[in-house]
S.K.: 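I'd like to ask some things about the structure below.
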There are 2 protein chains.
Amino acid sequence: MQHLTPAGVKVLQTASRLFYERGIRAVGVEAIAEEAGVTKKTLYDRFGSKDDLIVAYLRARDGLWRSTLVKYVNGHDGPPAEKILATFGALREWTRERNLRGCAFINASVELPEDHPGREVARDQKAWLLAYLEGLAAQARVEDPAGLAAQVLILHEGACVADSMRSMDRAVDRAEQVAAVLIERSLPG
Amino acid sequence: MQHLTPAGVKVLQTASRLFYERGIRAVGVEAIAEEAGVTKKTLYDRFGSKDDLIVAYLRARDGLWRSTLVKYVNGHDGPPAEKILATFGALREWTRERNLRGCAFINASVELPEDHPGREVARDQKAWLLAYLEGLAAQARVEDPAGLAAQVLILHEGACVADSMRSMDRAVDRAEQVAAVLIERSLPG
DNA sequence: CCAACGCTACACCCAGCGGTATAGTTACAA
DNA sequence: TTGTAACTATACCGCTGGGTGTAGCGTTGG
């Protein structure tokens, strides 16, 4: 976001909020420009097209979530196994603050066509998370780090969806409890 | 679907396919009518509006999934605890055949605005599934049927999302394995 | 000093959207 | 026989979408 002009920053912030809150397809460039207090011309001068703005939005959110997660996990001292559980703490916090409409990357994958570059950003985000979890699992010396990481990712996704659809309360807590069981079982001894 | 005219059936079938494959917002009524080999007039005579057609689509798919799931579970003899695991078998089958783009109800919740009647159908679908799982859990005499049902629902959602985003292979199998662990643990003795 | 940049204001384009209206055809039932 | 339900064909409507073009203004830096 540093290489952007002030108006560009304002556009990206506004677009991020609107895309997430109302959905990507439901928000027009007109609305973004207006709400950002900026001309459509400026928006197009900075981002070129709505598609590029979408990609910028997803990338920005990806970066924010990654740094939030890593910071949260690193700030959580204790045995490595607990770091995996800490990812649910990060998810819980994230969910409460800016995740009322579920995971932005899942949503983007639903809204965007197969060949849209934004979908690659979404897939990368998930691949990164899976690899990150596997790293934590390896540190924790569990039997099958890759397998556990996959299971934990499923729990993350499920909690996120169940939460945003209001299928139940405390979805993240429940997912974390399941993860705790899995970790306990896969620890040697 | 019985009270519909032949053309109405064709429209609903076509709309269901296109809505699911390309997304609800991405498909116009024009395209639906054309692909169904029907006039726009006919479409509107039968369904009134695109919104109503969306609701009809979701209801139809809901009914199909419910009957598929129940049939699969009932056709699966064995102890009640295994019936819970059988829901993953149904999900696996469903996923392979007509679920390549994930759960239609999650997708609808992402695509539709907050006050759209289609979202209620989606929420009902999840509420029904949760209740159904809780019934199976109660039959299986687990400690906390409601808690287990919620955890299993999270696993279903997570598997569905992880599968459609291609975050990993065999997502449903992995989710089922987790469920097996949970059931084993929550069985008395 | 002047050019380049970032920006505003505003007008415009075209395609596609959801939805409607009119007129006519077929088939079947009272 | 007459009416009605189901359907086709086609033209149309207003709105909004993404995107462009032109002109002008203020700031900044070589």
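Throughout, a chain's letter reflects where its sequence line sits, starting with A, and its residues are numbered from 1.
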S.K.: What is the 5' to 3' range of DNA chain D, first to last nucleotide, that sits under 4.0 Å from any heavy atom of chain A?
M.R.: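 Range of nucleotides touched by chain A: D:dG18 to D:dT22.
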S.K.: Would you kindly compare A:S49 and B:R46 by the position of their nearest DNA chain D nucleotide and give the one closer to the 5′ end?
M.R.: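 Nearest-nucleotide comparison on DNA chain D picks B:R46.
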S.K.: Under 6.0 Å from the CD atom of A:E21, do we count more than 12 heavy atoms belonging to anything else shown?
M.R.: yes
S.K.: Closer to the 5' end of DNA chain C via nearest nucleotide, is it A:T42 or A:E30?
M.R.: A:T42
S.K.: Could you tell me how far apart B:E34 (CD) and C:dG18 (P) are, to the nearest whole angstrom?
M.R.: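 After rounding, the reported distance stands at 14 Å.
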S.K.: So what does A:V27 touch, heavy atoms closer than 4.0 Å: a base, only the sugar-phosphate, or nothing?
M.R.: sugar-phosphate
S.K.: Of the listed nucleotides (C:dA21, C:dG6, C:dT20), which one gets closest to any side-chain atom of A:T5?
M.R.: C:dG6
S.K.: Grab the OH-P distance between B:Y44 and C:dT22 for me, whole Å please.
M.R.: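 Those two atoms, OH and P, are 18 Å apart.
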S.K.: Show which residues join A:V181 in its hydrophobic cluster (side-chain heavy-atom contacts under 4.5 Å, direct or indirect), or state none.
M.R.: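 Traced through the cluster, A:V181 reaches B:V181.
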S.K.: With a 6.0 Å cut-off (strictly less than), is the heavy-atom count around CG of A:D169, excluding the residue itself, greater than 12?
M.R.: yes
S.K.: 5'-most contact on DNA chain D: B:K40 or A:G28, nearest heavy atom basis?
M.R.: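 That would be B:K40.
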S.K.: Let me know, please, whether B:K41 or B:D51 comes out on the 5' side of the other along DNA chain C by nearest nucleotide.
M.R.: B:D51
S.K.: Walk me through whether A:R66 and A:L129 qualify under side chain to side chain contact (heavy atoms under 4.5 Å, CB included).
M.R.: CA-CA 8 Å; A:R66 290 191 194 193; A:L129 181 54; over 6 Å; no
S.K.: Does CG belonging to B:D77 count more than 12 external heavy atoms closer than 6.0 Å?
M.R.: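 Result for CG/B:D77: open.
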S.K.: Between B:E111 and A:R25, does at least one N-O distance fall below 4.0 Å, as a salt bridge requires?
M.R.: no
